[in-house]
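What follows is a set of notes on a single structure, which appears directly below.
The figures here come from the full heavy-atom set of this structure, side chains too, leaving out hydrogens, waters and symmetry mates. Predicted, not measured: the structure shown is a model, and the values here were computed from it. Numbers for residues simply follow the sequence, beginning at 1.
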Amino acid sequence: MSQVFLYTFPQWVVFASLFVVIYGWVEHKKVFRLTGEGLFVLLGIFAVVVIFGDYLAAGNFLTPEEIAAEELNDEILNEAPIEAQLIPAYWAFLAAGIIAIPTFLLEWKNNKKANLMVVVTAMVALLGFFIIVGALRTV
């Protein structure tokens, strides 16, 4: 999985989910609201795959020569690599996916608490989005 895919794909899923949920609210279409919540759940599954699939380990992207060169230069870098900066975003996406499961069920049953849960899910997903934006500004 490429590094660019690791920070662009979740951003597109967050925007698609938010767009579908908001469209479902405005047009009073339950199918679209459920689809948006389903996309948040899929984003959580993707986050699990990335976190536990070791895609964010910076050591996988450096060759032994690059690691040795950094040790010989004896430089201390103040910035963490982009992979390390993306870890909190993926934890936020995982949390949004977990929160989206009961939200999906509440929405399915037409419970009034689903509206609050959708807002919480969206805010957690947007937190991950803005962590990625902040990480990209440092690169």
Side-chain angles (χ1 to χ4, degrees):
M1 202 174 312
S2 74
Q3 182 184 25
V4 175
F5 186 77
L6 287 175
Y7 60 78
T8 57
F9 180 72
Q11 291 177 324
W12 282 103
V13 173
V14 168
F15 276 123
S17 301
L18 289 175
F19 178 77
V20 172
V21 167
I22 291 170
Y23 179 78
W25 269 351
V26 170
E27 295 294 325
H28 302 290
K29 298 197 185 256
K30 184 177 180 177
V31 172
F32 285 100
R33 293 189 309 261
L34 290 173
T35 303
E37 290 304 317
L39 286 173
F40 281 127
V41 171
L42 291 176
L43 180 62
I45 293 170
F46 177 72
V48 167
V49 169
V50 169
I51 290 170
F52 295 112
D54 216 21
Y55 290 106
L56 296 178
N60 294 339
F61 299 100
L62 298 175
T63 64
E65 293 81 23
E66 291 171 330
I67 295 171
E70 289 296 320
E71 290 175 357
L72 292 176
N73 290 338
D74 213 15
E75 294 179 16
I76 299 175
L77 300 175
N78 291 332
E79 296 178 6
I82 186 72
E83 294 84 13
Q85 293 178 15
L86 293 180
I87 291 172
Y90 275 93
W91 282 109
F93 296 143
L94 176 61
I98 291 170
I99 296 169
I101 294 170
T103 306
F104 183 88
L105 296 174
L106 289 172
E107 188 74 49
W108 184 274
K109 294 179 180 182
N110 292 325
N111 193 326
K112 295 291 181 186
K113 294 179 185 176
N115 293 335
L116 175 65
M117 293 294 289
V118 167
V119 171
V120 171
T121 304
M123 290 298 160
V124 173
L126 282 174
L127 171 71
F129 170 81
F130 285 114
I131 290 172
I132 289 177
V133 169
L136 291 176
R137 286 186 178 191
T138 63
V139 174

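Annotation: side-chain contact (heavy atoms from CB on, under 4.5 Å) contacts of N111 (sequence neighbours excluded): L106, K113. Considering only residues two or more places apart in sequence or on other chains, W91 meets the side-chain contact (heavy atoms from CB on, under 4.5 Å) condition with I51, F52, I87, L94. Listed by chain and number, the residues in a side-chain hydrogen bond (donor to acceptor under 3.5 Å, both in side chains) with K30 are N110 (sequence neighbours excluded). With sequence neighbours left out, the ring pair (Phe, Tyr, Trp, His ring centres under 6.0 Å) criterion links Y23 to F32. With sequence neighbours left out, I45 forms a side-chain contact (heavy atoms from CB on, under 4.5 Å) with V41, L42.
For residues 124-134, the set of pairs meeting the salt bridge (Lys or Arg N to Asp or Glu O under 4.0 Å) definition, not counting sequence neighbours, is empty.
L43 contributes atom CG, which lies 14.5 Å from atom CH2 of W12 (distance to the nearest 0.5 angstrom). Atom CH2 of W108 is separated from atom CZ of R33 by 12.5 Å, given to the nearest 0.5 angstrom.
Residues A100 and F40 come closest through the heavy atom pair CB-CB, 3.6 Å. A pairwise comparison of heavy atoms in A135 and T138 identifies O-OG1, 2.7 Å as the closest pair.
Enclosure of atom CH2 in W25 by more than 12 non-hydrogen atoms of other residues, nucleotides or ligands within 6.0 angstrom is indicated.
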Could you give me the CA-CA distance, side-chain angles and deciding distance for L18 and V14, then say whether side chain to side chain contact (heavy atoms under 4.5 Å, CB included) is met? CA-CA 6 Å; L18 289 175; V14 168; 4.0 Å; yes

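Each of I99, I101, L105, V21 was checked for a side chain to side chain contact (heavy atoms under 4.5 Å, CB included) with E37, and the lone residue meeting it is V21.
Residues near V31 contribute nothing to a hydrophobic cluster around it, because no ILVMFWY side-chain heavy atom sits closer than 4.5 Å to its side chain.
When the side chains of ILVMFWY residues are joined at heavy-atom separations under 4.5 Å, either directly or via intervening members, F9 and L136 end up in a single hydrophobic cluster. Under the 4.5 Å side-chain contact rule for hydrophobic residues, L116 and I22 do not share a cluster.
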Side chains of residues 118-131: which donor-acceptor pairs under 3.5 Å do they make with residues two or more places apart or in other chains?
from, atom 1, to, atom 2, distance (Å)
T121, OG1, T103, OG1, 3.4
T121, OG1, M117, O, 2.8

